[in-house]
Amino acid sequence: MIASAPVFVGASMRVSRLLLVTLRDDPAEAEITSHKLLLRAGYIRRISSGIYAYLPLLWRVLQKISTIVRQEMDATGALETLLPQLQPADLWQRSGRWAGYTDGEGIMFHLTDRQGRELGLGPTHEEVITTLAAELLRSYRQLPVNLYQIQTKFRDEIRPRFGLMRGREFIMKDAYSFHADEDSLRQTYAAMDQAYRRIFQRCGLRAVAVEADSGAIGGSASQEFMVTAEAGEDLILTSADGCYAANQERAVSLPPAAVPLPGGSRAAGAGEQLSTPNQSTIEQLCSAHGFDASQLVKVLLLLARFADGLRQPLLVSLRGDQQLNEVKLANAVSAQLATEHGALLSIDPLTADLVRSEKLPLDLGAISFGYLGPDLADAVLAHDPTSQAGAAGGAALPGTPPIRLVRSFLRLADSTAAGLEAFVCGGNASDSHRVGASWKGLALRPEPLDLRAAQSGDRCLHDPDQCLQSARGIEVGHIFQLGRKYSEALDARFTNESGVDEALWMGCYGIGVSRLAQAAVEQHHDRDGICWPVAIAPYEVIVVIANTQETVQVELAEALYGELSAAGLEVLLDDRAERAGVKFKDADLIGIPWRVVVGRGAAAGQVELVCRAGGAKRELDASAVREVLELEIGRGRMGDGLGT
RNA sequence: CGGGGCGUAGCGCAGCUUGGUAGCGCACCACUUUGGGGUAGUGGGGGUCGCAGGUUCAAAUCCUGUCGCUCCGACCA
C-alpha cells in the first residue's frame, strides 16, 4: 500500500455555532434510509428535483472523500486539472454526440448565449479533454498521461432519485488517460483498478469490482465498483470463491440443462398441432400439459429504433425457462446494424400502443400474440393500413429523419433455445401450439447468441460446481478502456516511434464522489442514525457536556476540547444548553465516530468514551482520552475498518 | 414521455366528501420547570391553503387550466 498523508480537513467547532438543524420526522421526499438520514441530520437540503445544497457537515465529508481520491490518484502519477463546465456545441458535434445528448431524451442541459452560440453544461468531459490532448500531445515521448478532475457534473436525468444517488447536479471525479498503444492503456487501467480498491477501502466502504457492460460510452473492457447495499439499483452476481463478479447486465453463466421433450421431434420437425385456448403464457402451458418450461421456445416481438430513422422488427427466441437480458440484446442488435444506421436508440415491445405512438405504417392484426413461433412469417409485416399510392413510411417529425420500417424480421435466438433438438412453440395462430418442432423442421438456422439473463443460482462458467449469488449494489465507480473511439472522432493524434501519426489510445475512469458519500451512509447506519467511517466523518470526535449548568463539566469539557483540537483531532464540542438526551440523540444521528461524555464523573476527572459504531462504552480518566483517541482515530483515518 | 400519488407554517400532517373568518404535533421565541437518552407547563410569533381563471353572497373545500414535487419503467458516477 502506498503511504498517504492522513486526511485532515481541520478546524474544530462548537455545536452551538454549527448551524445544526436536525429533524425529528422523516421528510416525505425521502424514500431510502440514507436519504432520510442525510436530510434529518442536516447534511443536505433539496433545492429542486435532483439538485441539493451540500450543508457544512456534508461539505466536510465530500472534502475528505475528495482528499482520499486525490491522494490515490496522485500516487499513480495522475495529474489534477479543472476543465470547463460550459462546453461549446461544436465540440460535441465533432464527436457526433451533440444531437443524441440534447434532442428528445438527451441528458445534457444546453443553452444558447446572447450571440446565438449553443453551449452544453458538461455531463462528462471526453470531448473537452480529447480536444486538449489533441493540442498538447504531439509525441509518444509525452505518453502515457492521465488527467483527472473533481468537479460538478450536470445531467438532466430522466428521473432523479434517492437524494444524492441520482442527482441532476453531482460531484464526480473523472480521469482520462492517453496512450501510445493498447498495452500502455491496459497498464493504466490496471493501476486505476488498484487505486480504486484502495480509495473505497480507505473510505471504509465494502465495495466489489464487477465486470460491466460498457454501454453508451463505448470501448472494450469495463469494470464497475459496487458498494453493496439493499437499496442499490443494480443487481450483481458473484461466485462464492470470489473468482467471478459481474453486473447482471453483463453476467454469463451455464444455463440449467433442458428437460428433453418426450417423443423428440414430430411430423418431421414441423411439430404436431396442440389446441391451447387461453394458454398464452409459459405457466399456463406447463400446468395444462405437464411441460417443463425448458421444453418451450418463447418468442418475443420487439422493435429496434435507430438514429437514421430505421425501424427494425425483431423476433427473439428464448428457452421458456430463461429471461431476456435487454443489454445483451441491444449489443447484439447494435453489432449487426449500428455501423450502417447510427446509434441504437431503443428496443421496445412491438405493441399496438407503440405502432400508434410511433405512427408506424403497420397493422398488427395478423399477429397472434401469445402464440408466436420462431418461424413467424415476414408477411405479417406486409400490411400497410396507411398505404395509398405506395406511401412508404410514417410521418416524420420536423428535424428528425423520416421513419423507414423494415418489413422483415431480424431473427435472433439465445443459445439455450437454439440448442434444443425438439421443442414446443407457438403455432402462429390463436389458441394453438406445436409440439415436437425442431429448427430444421421449421427451416430455420439460428445463430446461437448469448441473450439470456444470468440468474442467482446458475452454475458458473469458470467452475460448474460454483453457483452465482446475487446482491444489490450502488455503482460508485466505473473504469473503461475506451480505445480510439473519441481520439479518432476528434482527430487526437500523436507521432509514434516510427514517425507515423496515429490516434491516441484512451481510458476513462469515474468515481461518483457525492454518490459515494450517500452510499457510505446506506452501508453504515443503525436505528439511531449514521455511523460514519472515521476517514470520511465530518468530525472525528464529539465532546458532549451533559449538563452545561455544571461548571465542573463545562470546564473539563472545554479543556478536553482544547487538548484534542491541539492534538490535531477534528473535534465538535456540544455546548448547547440542551438536555443530555437531546445531545446524545443528535450525536448519534449525525454519526460522529467517537463521543466523549463529560458528565457526573467530571468532578472526579472521569469521562465516558463511546464508539458510535457498536456503542461500546468505557469510563476513563480525562487525562487518558487524548492518547486513546489519537490511537483509534489514527487507525480509522487510514481506512482501518470503522474505527472500532 | 407513459402510468399512480401529493401540494395547507421550517418539518410531519388533519381539514376538502357535505363551501361559511385556517387547525394539530414537532421546530422557533419568552418565562418557569427539568437536568445522563428528543422533560413538563404557560404565553407568543409565523400560512396570499402551489399558481391562474371560473362558479357562488361566500372557495383550502366545487369546476377548468397550469406549475411543482414524488413513486413505478428506459439513462448513468
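Proteins get letters first, then strands, A, B, ... in listed order; numbering begins at 1 in each. This structure is a prediction, so every number in the text was calculated from the model and none was measured. Hydrogens, waters and symmetry mates are skipped; everything else that's a heavy atom, side chains included, is used.
- Between Arg155(A) and rC75(B), a side-chain N or O to OP1/OP2 separation shorter than 4.0 Å is absent.
- For Glu550(A) against rG35(B), a side-chain-to-base donor-acceptor contact under 3.5 Å is absent.
- Ring geometry, His110(A) versus Trp98(A): the interplanar angle exceeds 60°, so the pair is classed perpendicular (tilted spans 30 to 60°).
- Here rC71(B) presents its P atom at 10 Å from CD1 of Ile32(A), a figure rounded to the nearest Å.
- rG10(B) and rG43(B): their P atoms are spaced 23 Å apart (whole Å).
- rG44(B) and rC71(B) have their P atoms separated by 40 Å, with the value rounded to a whole Å.
- Taking atom P in both rC51(B) and rA59(B), one finds a spacing of 15 Å when rounded to whole Å.
- In this structure, Arg595(A) is positioned above the aromatic face of Phe584(A), its NZ or CZ under 6.0 Å from the six-membered ring centre and within 45° of the axis.
- When heavy atoms are screened at a 4.0 angstrom cut-off, Arg595(A) is found touching base atoms of the nucleic acid.
- Heavy atoms of other residues, nucleotides or ligands lying less than 6.0 angstrom from CD of Glu326(A) number 12 at most.
- Remark: ring of Phe170(A) overlaps the six-membered base ring of rA77(B) in a stacked fashion, centroids less than 5.5 Å apart, planes less than 30° apart.
- When only modelled atom types and interatomic distance are considered, Asp234(A) and Gln248(A) share no side-chain donor-acceptor pair under 3.5 Å.
- With hydrogens and angles ignored, no donor-acceptor pair closer than 3.5 Å exists between the side chain of Arg159(A) and the base of rC75(B).
- Across all strands, Asp234(A) comes closer than 4.0 Å to base atoms (heavy-atom distances).
- OP1 or OP2 of rG38(B) has not a single side-chain nitrogen or oxygen of Thr22(A) nearer than 4.0 Å.
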